[in-house]
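The next block holds one structure in the form of structure tokens; read it before the comments.
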Amino acid sequence: MSAAEDYRNQITSISYRNQAFIDGKYVAAASGKTFDCVSPIDGRVLTKVAACDQEDVDRAVKAARAAFESGKWSTIPPRKRKKTLLKFAALVDKHKEELALLETLDMGKPINESLNSDMNAVVNCMEWFAETVDKMYDELAPARPDSVSLITREPLGVVAAVVPWNFPLLMAAWKYAPALAAGNAVILKPAEQSPLTAIRIAELAAEAGVPNGIFQVLPGFGETAGQALGRHMDVDMVAFTGSTEVGKYFLKYAGESNMKHISLECGGKSPNIIFSDVADLDRAAREAAAGVFYNSGQVCTAATRLLVQEDIRDEFVEKVAKYAEAWAPGDPLDPKTLMGSMVDKTQMERVMSYINIGRDEGAKIAVGGTPARQESGGFYVQPTIFDAVNNNMRIAQEEIFGPVLSTISFKDEAEAVAIANNTIYGLQANLWTRDVVKAHTVARALRAGTVNVNATDGGDITAPFGGYKQSGIGRDKSLHALEKYTQIKHTFINLR
Ligand code: NAP
Ligand code: MG
């Protein structure tokens, strides 16, 4: 039996967790409403999931507030909170095969990625932040000698995490792991396209000993559950990852309600700049393909704008086109598949419409440009490369969130930087050169939260991640992430 067949057999025995997790229990939405959870692998309905709205949000916030105020999480000895979070991480690790299969079924990414990339990163993130709990020190200000001037960090209280579908559990972990470590109560709203893993880990948190009300999960739609969290008068913070458009809604919700803290990880249109003095043209081409086709291009940092110096342009684009072949969509349940489906039909149609827009704008399709695997009933798109793109075209300015690369050529360093920065986004930028002076100079000039030199993904849990400009506010990952889940208190003690 092939590995894919083996996975297909496992699917028949899955009993999906599909309800909200409120105050320590799985419950139906108060309205009784559900929505279909569709697998983009073949278009099949996997299960019906609770569609939470205002009433469920009210219940969860009430439970979160009570749990936070009780101190059974926020003020226990740090070592105890660390141990509970390490146990939670260990349980996720123990169930990672099952979680990886859920992730692949739910959003169509290849099983090998779900298991060996996403789930390992989730567990690593959870362990890393758990370890910070008893290693963070407060400060003493160098104030008057006859005083004690303490600067301490305290948890915010009730933190809502509203996350997207491209790395469903990983984007959630980037929020809940530091938020829980800092002592907050967390309410997680997964994207409607990919709620299954978030719902499943709720009971693992409870099994690990996370108290009732401290980790809750509310599946549902953005406009109902997401908005209700954003406007709630008793939610202290929303940590959001998703589109720039919806990120701005959260700023509005906060302004129209209780001025809650908002952190935003939003969209991107990352440039990948190839200077003609690049040390290894072949490697740069291979990574240029991986940098845009990985996860079917549904990556906020996807290197979607390929900026190539004029004199190597033709040779380079030819090489990238050759590497694109390996990314032809395959069965997501086959461990050899590199690229799976798009997350849903809507996203596939959106990507196809951008391909048509690019064609109409006068860009040339060098590779791909069509849907794929239509016989499967699922939603797949061929890796697509546009050549002769002008940076002012919509395909170079707007986030497509699909496997579509726009090739733009440039003359010199100054022009490369000008094109790279000519975007509303500033999440990530990559550049390839063997000249160390050029590398530093260009890296400094790029307006992005992350700059990779001779790489397209230098990300790690130890390094902060987030956007300049309209790519966001605040940072995920690293110790810097803890800053946003705490607030600073100054306590002055007069010794006179
Ligand atoms: P999205 O449409 O902005 O949705 C993100 C989350 O917001 C989902 O949970 C969604 O719920 C919710 N939401 C939607 N409309 C809402 C509203 N009116 N009020 C409150 N909440 C609302 O983004 P997506 O399509 O899921 O994900 C793709 C986007 O995420 C891309 O723009 C990508 O760049 C970005 N992203 C950024 C990062 C980063 O770290 N910077 C990482 C990954 C992805 P529903 O799903 O139920 O609508
Ligand atoms: Mg789904």
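Remember, it's 1-based here, ligands and their atoms both numbered in the order they're listed.
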With no hydrogens and no angle check, do the side chains of Ser296 and Lys109 hold a donor and an acceptor under 3.5 Å apart?
->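 Per modelled atom types, Ser296 and Lys109 side chains form no pair under 3.5 Å.
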
Do the side chains of Val451 and Leu431 get nearer than 4.5 Å, heavy atoms only?
->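 A side-chain contact under 4.5 Å exists here.
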
Pairs under 3.5 angstrom only: tabulate donor-acceptor contacts from the side chains of residues 126-133 to other protein residues two or more places apart or in another chain.
| from | atom 1 | to | atom 2 | distance (Å) |
| --- | --- | --- | --- | --- |
| Glu131 | OE1 | Lys135 | NZ | 2.9 |
| Thr132 | OG1 | Phe129 | O | 2.6 |

Ligand 1 polar-atom proximity to protein (N/O, under 3.5 Å):
| from | atom 1 | to | atom 2 | distance (Å) |
| --- | --- | --- | --- | --- |
| ligand 1 | 3 (O) | Ser243 | N | 2.8 |
| ligand 1 | 3 (O) | Ser243 | OG | 2.6 |
| ligand 1 | 9 (O) | Val163 | O | 2.8 |
| ligand 1 | 9 (O) | Lys189 | NZ | 3.2 |
| ligand 1 | 11 (O) | Lys189 | NZ | 3.0 |
| ligand 1 | 11 (O) | Gly222 | N | 3.4 |
| ligand 1 | 18 (N) | Tyr253 | OH | 3.2 |
| ligand 1 | 19 (N) | Gly222 | O | 3.3 |
| ligand 1 | 19 (N) | Tyr253 | OH | 2.7 |
| ligand 1 | 21 (N) | Gly222 | O | 3.4 |
| ligand 1 | 23 (O) | Ser243 | N | 3.4 |
| ligand 1 | 25 (O) | Trp165 | NE1 | 3.0 |
| ligand 1 | 26 (O) | Trp165 | NE1 | 2.9 |
| ligand 1 | 30 (O) | Gly242 | O | 3.4 |
| ligand 1 | 32 (O) | Glu399 | OE1 | 2.5 |
| ligand 1 | 34 (O) | Glu399 | OE1 | 3.3 |
| ligand 1 | 34 (O) | Glu399 | OE2 | 2.5 |
| ligand 1 | 41 (N) | Cys266 | N | 3.4 |
| ligand 1 | 41 (N) | Cys266 | O | 2.7 |
| ligand 1 | 46 (O) | Glu192 | N | 3.0 |
| ligand 1 | 46 (O) | Gln193 | OE1 | 3.3 |
| ligand 1 | 47 (O) | Lys189 | NZ | 3.2 |
| ligand 1 | 47 (O) | Glu192 | N | 3.4 |
| ligand 1 | 47 (O) | Glu192 | OE1 | 2.8 |
| ligand 1 | 47 (O) | Gly220 | O | 3.3 |
| ligand 1 | 47 (O) | Gly222 | N | 2.9 |
| ligand 1 | 48 (O) | Glu192 | OE1 | 3.0 |

Validation: residues 213-227 side-chain donor-acceptor distances under 3.5 Å, sequence neighbours left out:
| from | atom 1 | to | atom 2 | distance (Å) |
| --- | --- | --- | --- | --- |
| Gln216 | OE1 | Asp23 | N | 2.8 |
| Gln216 | NE2 | Ala60 | O | 2.8 |
| Gln216 | NE2 | Gly213 | O | 3.4 |
| Thr224 | OG1 | Phe221 | O | 3.3 |
| Gln227 | OE1 | Arg231 | NE | 2.8 |
| Gln227 | OE1 | Arg231 | NH2 | 3.4 |
| Gln227 | NE2 | Glu223 | O | 3.1 |

Between Arg394 and Glu361, is there a side-chain N and carboxylate O pair less than 4.0 Å apart?
->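 Judged by the 4.0 Å cut-off on N to carboxylate O distance, Arg394 and Glu361 do not form a salt bridge.
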
Just jot down the ring pair (Phe, Tyr, Trp, His ring centres under 6.0 Å) partners of Phe465, sequence neighbours excluded, or say none.
->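 Once residues adjacent in sequence are excluded, the partners of Phe465 under the ring pair (Phe, Tyr, Trp, His ring centres under 6.0 Å) criterion are Trp174.
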
